[in-house]
Structures are given as C-alpha cells and as structure tokens.
**Q** 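Quick one: this structure, given as structure tokens, is what I'll be asking you about.
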Amino acid sequence: RLSTAFDSVTLYGEDPDIRPDIYGKVGESGVSICCLDDMKKLYEGFDLCAPSTSVSMTINGPAPIILAMYFNTAIDQQIEKFRAEKGTDPGPQEKAQIYGHVFQNLRGTVQADILKEDQAQNTCIFGIDFALRMMGDIQQFFIEEQVRNYYSVSISGYHIAEAGANPITQLAFTLSNGFTYVEYYLSRGMSIDDFARNLSFFFSNGLDAEYSVLGRVARRIWAVAMRDLYGANERSQKLKYHIQTSGRSLHSMEIDFNDIRTTLQALMAYYDRCNSLHTNSYDEAITTPTEDSVRRAMAIQLIVAEEMGLARNDNPIQGAFIIDELTDLVEEAVLEEFLRLHDRGGVLGAMERQYQRSKIQEESLLYEHRKHSGEIPIVGINTFLRPEGNPEETQEIELRRSTPEEKNQRLVDLQQFQQSNESDSATALVQLQQVALAGGNTFRELIDTVRVASLGQITRSLYEVGGRYRRSM
C-alpha cells in the first residue's frame with residue numbers, strides 16, 4: 001500500500017515557480033507533482049494494476065487533475081508492457097482493452113473531500129459548487145467505466161480532528177459530509193448501489209474514551225440510513241474506514257513518549273475493527289519522518305497484529321458495559337449534532353454561516369486551555385515532568401528538507417514539459433473549458449488534457465469557468 005503526500009504547491013494547484021511564496025515550498029512536506037512526467041517518475045517500478053498494489057493520494061482541491069495524471073500513468077505502464085511483450089504498439093481495439101483493464105483493476109483512494117477543506121483544512125481552490133460538480137464527474141466516470149476497486153473520495157474526519165474538533169464533532173461532521181455527497185450524487189441521477197461502493201471514510205484516533213467506539217457508531221448510523229432512507233443493498237450499507245493515529249497528540253517535548261501514545265491509539269483502532277491503519281512516526285512533531293522512525297511506526301502495527309493474540313479476534317471488547325454504553329451515548333450525541341446542522345440548512349447552509357469552522361475553533365481553544373491549565377493531563381508535558389536539574393537529553397534528529405538544487409530541477413522539468421507540448425496545450429485547455437461550460441464530464445476530458453498541460457495551466461483555465469474559491473464571510 002502506497003500513501004502519497006504532496007507539497008503545498010501541488011495542494012493549491014500551482015506549478016513550481018521562482019515566486020518567493022512558491023519557491024520555498026517546492027518539495028517540502030510532500031512530493032512536487034506538476035505534470036504527467038512527474039507522476040510517471042514517482043510510481044516508476046510499481047505495477048499500478050497489480051492486485052497487491054493500492055495507492056492512496058492525499059489531494060483535494062486539484063484532485064481531479066492529479067487523479068487523471070495517475071490514471072494515465074497506469075495506462076502508459078500497460079502500453080509499455082504490451083510493447084515489451086508484443087514488440088509493437090497496440091492498435092485501437094487493443095488500446096481500448098488496455099484502458100478497460102486499467103480502469104477495472106486500479107486499487108486505491110483519492111481524498112478529494114472538498115467539504116472538509118472548507119470546514120477545516122483550507123486547500124480549496126475552486127468554488128464549492130464547481131468543486132462538487134467535478135467530484136460528481138469523477139464518480140460518474142467511475143460508474144460508466146466500471147472503476148470498482150478505487151475509492152472516488154475519502155470522506156475525512158482526520159483533518160477536522162487535527163484542526164481541534166472533539167471526537168463527537170469529528171464523527172458528526174464527517175458523516176454529515178458523507179450524506180451530502182450521497183444526496184448530490186443521487187440528484188445527478190446516479191443509483192445509490194452504483195456509487196456507494198466507491199465511498200470510503202477516514203478518521204483520527206486519539207486517546208479519549210469516545211474513540212473506542214468511533215467506528216462502530218459510524219457503521220451503525222451509516223447502515224441504518226443507507227438501508228432505511230436510501231434503500232441501498234447490503235454492500236452499500238457497509239461503511240469502510242481508515243484510521244490514522246492522532247498527529248495533534250505528538251509533542252516535541254519527551255519525544256520518545258509519542259510512540260507509546262501511538263501504540264495505544266493503534267490498539268484502539270484494532271479493537272474497533274478499522275479496515276486499514278496508519279501509525280504516525282514519533283518525530284512527526286518536528287519533521288517529515290526518517291526511514292528509522294517510519295520503521296518504528298510500522299513495528300507498532302506489526303507487533304499488535306502479529307504478537308498480541310487478543311488482536312486476532314473480531315470485536316474482543318464487544319459486550320463490555322462501557323463499550324455498549326459509550327456506543328449509545330456517542331450515537332445520541334452525533335444525531336443531536338445532525339439536528340443542529342439541519343436547523344442551519346444542512347451541511348452547505350451551515351458552511352455559508354461558518355458554523356462548522358466556528359465550532360471546531362471553539363473546541364480547539366477549549367482543548368488548548370485545558371491542556372495548559374493541566375485539566376487534561378499529558379505526561380511529560382504538563383504533569384509528571386522531569387525533576388529540575390535532570391534535563392531531557394538532547395537528540396540529533398534529521399530534518400528533511402528539499403535542497404535548492406532539487407527545487408531548481410523542478411523548474412527545469414516543468415519548462416521542458418511545457419515546451420515539448422506547447423503546440424497542443426492551448427487547444428487542449430480551450431477544449432477543457434468548452435466541455436466544462438457545456439455541462440460535459442470534466443474528468444473524462446482531463447484524462448486527455450493532462451497529457452499536454454501542466455497542473456498550473458489546467459487550474460488557471462478552470463478558474464475562468466468554475467471560479468476561484470472564496471470563503472463565506
């Protein structure tokens with residue numbers, strides 16, 4: 001399973017540039033991807049259509065463009081494989097078969113959750129209406145091309161929690177966002193059982209008691225709504241979710257304690273039967289993780305899964321009084337939050353009033369106040385501190401930063417791509433705008449556009465038809 005994080009330049013749909021506000025961020029905290037050639041380099045050596053390969057991409061605003069690059073990378077891999085085996089280029093019929101094979105065999109997830117970006121993470125680039133439309137175009141394409149093993153959206157509570165929300169708010173906002181996508185896709189004429197299989201969820205796990213039942217409450221609410229409200233089949237009622245341990249719980253003081261917290265959070269995720277799990281590295285409080293810290297983080301999962309016998313059983317804590325009681329209490333609290341959203345015009349109506357952002361900020365402020373006052377005990381941070389005169393040992397931690405040479409190479413690569421496709425890019429970008437204005441499927445057109453145009457060129461063209469994001473005030 002490959003998890004891909006992108007630098008902030010890519011996240012905001014920009015190309016590498018010498019502009020001061022862009023240059024310093026190129027290649028920092030993630031990979032820089034601005035054209036199809038970059039995507040091919042990134043996944044070189046991986047068979048993207050292999051059953052054992054699953055690729056997760058943390059990208060939201062420009063997600064349709066990056067996903068189109070990814071699909072083309074997989075297509076070109078299969079075309080090269082055909083050439084190597086047959087000694088010739090594929091004909092039209094053979095190329096169509098390759099396209100179908102790629103669409104039906106790619107596995108993974110693209111985040112593409114634009115609602116939580118407005119509410120918590122702030123990497124919206126297009127207007128919300130246009131961004132939702134492009135999400136719908138992706139899902140429509142998935143249905144038409146039978147893309148069944150790739151999740152078109154990862155409906156994310158993780159970033160809501162990292163921004164400061166408590167577990168109840170994280171779960172309520174995430175599920176309500178999920179139901180908003182369902183309603184939107186249904187309004188476009190899609191069948192619930194055609195798209196529900198392409199929806200996935202993503203939650204954070206802290207150490208609060210409510211996290212012990214987060215998954216089971218989510219699955220219960222989702223299953224009941226899908227069955228009783230939307231008439232979905234059994235498969236569509238099944239909520240699939242990924243857990244990542246809390247980044248907010250990592251501290252630079254007593255940094256070795258971070259692995260202990262991560263282990264407990266991972267164990268809670270196992271007991272609550274998450275579908276997949278990401279354990280954070282202890283040094284992520286300071287820097288992009290090193291190879292050694294990543295190995296330690298992976299060891300947490302492996303030791304729990306392979307050495308702890310109780311973790312091999314399904315629902316080992318099912319039936320315990322506290323678990324059953326918490327499940328009912330958390331479900332009730334989430335449903336009450338649904339009513340508050342409903343009173344404000346639903347998710348989109350509440351977003352116009354900045355309800356979600358305000359609530360997250362208030363809960364973040366409360367958490368920080370309680371942490372600094374000691375009301376929430378954090379060992380080594382506000383309680384059980386080292387005795388005076390016994391300072392923490394200084395550790396040498398490698399800081400991962402892209403070099404000026406690497407940044408400059410990105411500028412050269414971009415220039416070469418744009419120059420080699422200069423004769424085709426303008427026509428392709430105009431065609432993309434015409435498709436968008438005519439109500440066509442933008443994602444289907446992007447499959448062709450990304451072959452000759454860079455990320456920044458495409459986003460600037462789409463701004464002209466879909467508008468730039470402006471937050472409601």
**Q** Look at K359 together with E363 and state whether they make a salt bridge at an N to O cut-off of under 4.0 Å.
**A**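 Result for this pair is yes, salt bridge flagged.
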**Q** Nearest 0.5 Å, please: how far is CD in E14 from CD1 in I22?
**A** 4.5 Å
**Q** Can you list everything that forms a ring pair (Phe, Tyr, Trp, His ring centres under 6.0 Å) with F179? Sequence neighbours excluded, please.
**A** W222
**Q** Once you round to the nearest 0.5 Å, how far does CG of D448 lie from CG of N72?
**A** 7.5 Å
**Q** Could R248 and Y367 be counted as a cation-pi pair, given that NZ or CZ must be under 6.0 Å from the ring centre and within 45° of the axis?
**A**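 Judged by the rule, R248 and Y367 form a cation-pi pair.
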**Q** Tell me if the aromatic rings of H242 and Y158 count as close, with their centers under 6.0 Å from one another.
**A**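 Aromatic pair excluded; centres sit 6.0 Å or further apart.
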**Q** Is R444 close enough and on-axis enough to F141, meaning under 6.0 Å and within 45°, for cation-pi?
**A**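 Cation-pi check for R444 and F141: fails.
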**Q** In chain order, what residues pass the side-chain hydrogen bond (donor to acceptor under 3.5 Å, both in side chains) check against K407, with sequence neighbours excluded?
**A** E28, S402
**Q** Name the orientation class of the two ring planes belonging to Y185 and F195 (parallel below 30°, tilted from 30 to 60°, perpendicular beyond 60°).
**A** perpendicular
**Q** Can R468 be said to sit on top of F126's aromatic six-ring, NZ or CZ under 6.0 Å from centre and within 45° of the ring axis?
**A** no
**Q** With sequence neighbours excluded, tell me which residues meet ring pair (Phe, Tyr, Trp, His ring centres under 6.0 Å) with Y241.
**A** F203
**Q** Quick one: pull up CD in Q433 and OG1 in T449 and give me the separation to the nearest 0.5 Å.
**A** 10.0 Å
**Q** Would you say K116 and N60 are linked by a side-chain donor-acceptor pair, where the criterion is simply a distance under 3.5 Å?
**A** yes
**Q** To the nearest 0.5 angstrom, please state how far the CD1 atom of I128 sits from the CG atom of L348.
**A** 8.0 Å
